[in-house]
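Notes follow once the structure below has been shown.
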Amino acid sequence: MRAQMGAAPITTTKLGDRLLMLSGPGGNVVALYGPDGKLVVDSFVQPAWPKLKSTLDGLDGGAIKTLVDTHWHFDHTDNNAHFREAGAGILAHVNTKTRLTQPHDLLGMHFEPSPPGSLPTETFTDKRSLNMNGELVTLVHVPPAHTDTDTFIHYTKANVLHMGDVFFNGTYPFIDVSTGGNINGMIAGADRALAMTNARTKIVPGHGPLSDHAGLLTYRRVIATIRDRVQTLKRSKKTLAQVQAVKPSAQFDATWGKGMMKPDDFIALVYNTL
Ligand SMILES: [Zn+2]
């Protein structure tokens with residue numbers, strides 16, 4: 001899976017004067033660059049490191065100063081050690097550090113605890129703000145949604161919000177039940193992001209193309225509609241298999257069901273976390 005993801009080319013999208021979105025080999029990365037050094041959010045998978053490093057080195061300004069992990073999953077944190085070797089510190093929610101020190105089994109993959117050199121060097125609990133390159137960057141912890149480690153990164157002046165995997169743009173989202181994820185948290189997370197943004201905000205999802213307020217609202221409506229239907233069926237004592245047979249997501253499946261989570265997979269995540 002690493003090799004397959006890592007082979008994807010990096011594509012870049014300008015988000016602001018000193019702000020760039022990088023996509024391809026893993027979750028979406030955002031780089032803020034300038035004289036104060038580089039602040040990078042998420043890190044792709046390990047095989048992508050040489051091309052990520054050369055893309056970052058090609059941007060103006062100082063060295064890579066800080067990496068932020070949006071949450072603990074490997075397709076976002078896999079290059080933590082490479083960033084530390086390159087001289088950067090790693091800033092993350094305290095739960096991200098905790099989860100990275102534990103073994104996990106997820107989607108058929110086994111993860112050993114991360115070695116000390118891959119762990120965040122600085123953690124926060126609720127909120128953290130920093131000024132860099134003329135930008136005010138605020139990290140906000142989101143109550144359990146995709147995991148219990150989720151962080152939004154808000155670039156206040158550029159009017160950009162990185163939501164990590166609380167937002168999958170255009171596909172049903174994966175929810176990591178094993179580390180606290182749940183459907184109501186995903187919807188609450190989307191609501192929180194909607195309240196933090198406006199019609200002009202550029203919204204970066206964990207996976208999928210760059211979006212905006214309208215795109216996030218559509219995603220919110222899709223997952224909340226499915227949640228409501230599954231909840232009604234579950235309350236009427238239907239089993240998971242019976243709920244899947246009813247196809248409560250049918251109207252959305254042609255577009256939203258083509259990602260990593262097939263309709264029945266997503267229905268199971270919703271059902272099991274209600
Ligand atoms: Zn994730």
Side-chain angles (χ1 to χ4, degrees), residues 1-2 4-6 8 21-30 40-46 48 52 67-80 83 90-114 118-120 139-153 161-190 192-193 203-211 216 219-220 223 256 259-262 265-266 268-270 272-273:
M1 192 161 180
R2 272 196 174 98
Q4 191 190 353
M5 288 179 92
M21 172 172 146
L22 289 69
S23 306
N28 289 321
V29 167
V30 171
V40 182
V41 174
D42 285 349
S43 74
F44 293 143
V45 291
Q46 279 177 26
L52 174 57
L67 171 68
V68 173
D69 295 332
T70 58
H71 63 295
W72 76 270
H73 285 157
F74 85 103
D75 51 330
H76 302 258
T77 59
D78 214 24
N79 280 305
N80 276 9
F83 273 85
I90 301 178
L91 177 57
H93 187 264
V94 64
N95 292 352
T96 296
K97 186 170 183 179
T98 302
R99 292 307 192 182
L100 284 172
T101 61
Q102 301 167 335
H104 295 281
D105 288 289
L106 193 66
L107 295 167
M109 295 173 280
H110 178 73
F111 298 96
E112 289 293 334
S114 298
S118 298
L119 295 176
L139 281 58
V140 181
H141 176 57
V142 182
H146 171 70
T147 65
D148 61 6
T149 69
D150 302 318
T151 299
F152 288 166
I153 295 88
L161 183 70
H162 191 328
M163 291 178 62
D165 282 1
V166 178
F167 184 17
F168 278 59
N169 184 20
T171 60
Y172 293 137
F174 173 58
I175 300 173
D176 180 2
V177 182
S178 73
T179 59
N182 65 89
I183 182 62
N184 286 329
M186 292 291 277
I187 295 165
R192 182 147 182 194
I203 303 183
V204 179
H207 298 274
L210 181 66
S211 190
L216 176 59
Y219 164 80
R220 196 264 182 219
I223 62 173
W256 293 80
M260 184 174 83
M261 291 292 107
K262 302 304 169 205
D265 302 328
F266 182 59
L269 290 172
V270 173
N272 290 328
T273 62

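In listed order, ligands and their atoms are each counted from 1.
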Which N, O or S atom name in [X] marks its closest approach to the Zn ion (ligand 1)?
X: Asp165; answer: OD2
X: His146; answer: NE2
X: His73; answer: ND1

So, is His71 placed with an N/O/S atom under 2.8 Å from the Zn ion (ligand 1), counting both backbone and side chain?
yes
Do you see an N/O/S atom of Asp75, backbone or side chain, under 2.8 Å from the Zn ion (ligand 1)?
no
Has the side chain of Asp69 got a donor or acceptor atom that lies under 3.5 Å from a matching backbone atom of Trp72?
no
Between His162 (side chain) and Pro205 (backbone), is there a donor-acceptor pair under 3.5 Å?
no
Parallel, tilted or perpendicular, as decided by the 30° and 60° cut-offs, for the rings of His73 and His71:
perpendicular
Answer with yes or no whether the side chains of His104 and Asp176 bring together a donor and an acceptor at under 3.5 Å.
no
If we only count heavy atoms from C-beta on, is the Pro120 to Thr77 side-chain gap below 4.5 Å?
no
